[in-house]
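Presented below is the structure to which this report refers.
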Amino acid sequence: MYMNVFPGVSSRHAFASLLLVALTVSGCVDSRRISATADSQYWQDCETCPQLVRIEPGAFRMGSADDETIVGNVPRERILEERPAHDVRIAYPFAIGRYELTVAQFSEFADATGYQTAGCFVLRGTAWEFKPDASWRAPGFPVDDNYPATCLSSNDFSAYLQWLSRKTGHQYRIPTEAEWEYVARLGQGDVPTPELLGATACERVNGADAAFGRTYAAQWKPGLFDCDDGYAAAAPVGSFQPNKLGMYDVLGNLSEWTQDCAGGTHAGAPSDGSVHIVETCTSHVLKGGSWSGGPGFLRPAIRGGFPIELRGDGHGLRVLRELQR
């Protein structure tokens with residue numbers, strides 16, 4: 001078992017992570033669930049595997065309430081997709097990545113298996129354009145091993161997770177939307193959402209801000225945070241403050257794939273944390289917002305959708321590992 005701090009993360013952030021895990025979380029989540037999480041530990045199943053944090057069973061309210069105030073230019077149809085708000089109870093523990101999957105981690109898989117990808121939708125000005133030669137190695141902005149792996153489809157990540165499961169002997173998969181939102185709300189606790197943080201947003205999340213505006217679009221329909229984090233696009237993992245679970249970039253940096261079908265609302269969604277499947281499921285839900293997300297788009301309830309076989313320069317993955325129930 002490996003307990004090393006993730007490469008590239010400062011000692012200040014590492015210390016903050018360990019300290020924050022001991023804090024009591026308050027807010028939207030069952031209090032019995034909180035005391036269990038306070039004793040969480042971080043581990044890796046191999047030296048180069050994603051670092052994990054254990055999540056205990058618990059309950060929360062998923063989605064956005066009808067009377068919830070949402071700041072920013074979020075289209076009404078997007079908000080309606082977050083409803084109806086509903087109670088979810090997850091009765092099993094699981095482990096989830098502290099960081100978004102990195103270029104180095106996906107590269108190990110690609111080198112070992114010969115896996116290849118080609119083509120990605122990348123942001124040019126105010127619109128995404130398909131670039132045939134873009135890839136997770138060259139997504140349209142400079143990256144190195146510590147950057148999150150983007151320009152990968154849900155299918156690409158599924159192939160990686162199957163390989164990682166075989167390598168470690170543990171079952172890795174993409175999280176369900178409910179599992180993802182549960183962790184996001186648990187880690188956020190009583191901290192205001194980024195849309196309400198003003199100038200401090202750039203200390204906590206990587207979204208569309210002044211740096212984004214200088215490079216891509218000063219007039220951006222989703223709006224810009226009134227601060228400057230120094231990153232126009234994605235940032236190396238662990239560059240911003242951790243949440244109360246010691247996790248990084250849960251909101252912002254990359255939108256993260258889930259198993260759930262996109263294109264609908266929460267009507268009929270299961271209440272046990274399992275995947276929400278509809279008849280046509282060629283697109284999956286992405287959660288958390290990305291480096292191009294303005295105020296209102298970096299929230300636990302926000303939902304995006306994208307075809308599972310296509311790739312975008314703002315889409316990534318946080319692994320989930322199943323544990324013994």
Taking atom types as modelled and ignoring hydrogens, do the side chains of [X] and [Y] form a donor-acceptor contact shorter than 3.5 angstrom?
X    : Y    : value
N243 : Q188 : no
T258 : E177 : no
N155 : S153 : no
E203 : T200 : no
Q51  : W43  : no
S165 : Q162 : no
E179 : Y92  : yes

**OP:** Mind jotting down which residue pairs meet the side-chain hydrogen bond (donor to acceptor under 3.5 Å, both in side chains) criterion with at least one end in residues 227-237? Sequence neighbours excluded, please.
**Re:** R214-D228
**OP:** Could you walk me through whether F109 and Y115 pass the ring-ring contact (aromatic ring centres under 6.0 Å, His included) test, one step at a time?
**Re:** CA-CA 8 Å; F109 154 69; Y115 194 90; 5.2 Å; yes
Original post:
Under 30°, 30 to 60°, or over 60°: which ring-plane class applies to H315 and W257, parallel, tilted or perpendicular?
Top reply: perpendicular
Original post:
What orientation do F106 and Y160 show, parallel under 30°, tilted 30 to 60°, or perpendicular over 60°?
Top reply: tilted
Considering all heavy atoms of both residues, which atom of [X] and which atom of [Y] are nearest to each other, and what is their separation?
X    : Y    : answer
A233 : N206 : O-ND2, 3.0 Å
T168 : C49  : CG2-SG, 3.7 Å
E82  : H266 : O-CD2, 3.1 Å
R299 : E68  : NH1-OE2, 4.3 Å

Between [X] and [Y] (side chain of the first, backbone of the second, donor and acceptor by atom type, cut-off under 3.5 Å), is there such a pair?
X    : Y    : value
R173 : L161 : no
T176 : G273 : yes
R321 : H170 : no

**OP:** Take E56 and R54 through the salt bridge (Lys or Arg N to Asp or Glu O under 4.0 Å) test and state the conclusion after the steps.
**Re:** CA-CA 7 Å; E56 300 295 342; R54 181 184 174 95; 2.4 Å; yes
Subject >> Presence of salt bridge, K167 and E108, under 4.0 angstrom >> reply: yes
Subject >> Sidechain N-carboxylate O distance under 4.0 Å for R204, D209 >> reply: no
Does any non-hydrogen side-chain atom of [Y] lie less than 4.5 Å from one of [X]?
X    : Y    : result
K287 : E181 : yes
R318 : L101 : no
T150 : F141 : yes
I174 : V319 : no
P307 : T282 : no
P57  : P93  : yes

To the nearest 0.5 angstrom, please state how far the [atom1] atom of [X] sits from the [atom2] atom of [Y].
X    : Y    : atom1 : atom2 : value
D313 : S135 : CG    : OG    : 11.5 Å
R89  : D272 : CZ    : CG    : 12.0 Å
N253 : S239 : CG    : OG    : 7.0 Å
C281 : I308 : SG    : CD1   : 7.0 Å
R61  : D87  : CZ    : CG    : 4.5 Å
Q259 : S158 : CD    : OG    : 8.0 Å

Subject >> Close aromatic pair by centroid cut-off 6.0 Å: F306 and W128 >> reply: no
Subject >> L80/T265 under side-chain contact (heavy atoms from CB on, under 4.5 Å): CA gap, chis, key distance, verdict >> reply: CA-CA 7 Å; L80 291 176; T265 69; 5.5 Å; no
Subject >> Derivation and outcome, side-chain contact (heavy atoms from CB on, under 4.5 Å), residues W163 and T113 >> reply: CA-CA 9 Å; W163 171 83; T113 63; 3.6 Å; yes
Subject >> Set of side-chain contact (heavy atoms from CB on, under 4.5 Å) partners for L224, sequence neighbours left out >> reply: A208, F212, W220
**OP:** Mind running side-chain contact (heavy atoms from CB on, under 4.5 Å) on T117 and W136 for me, showing each step along the way?
**Re:** CA-CA 8 Å; T117 69; W136 55 276; 3.5 Å; yes
Original post:
Should we count CD of E77 as having more than 12 external heavy atoms under 6.0 Å?
Top reply: yes
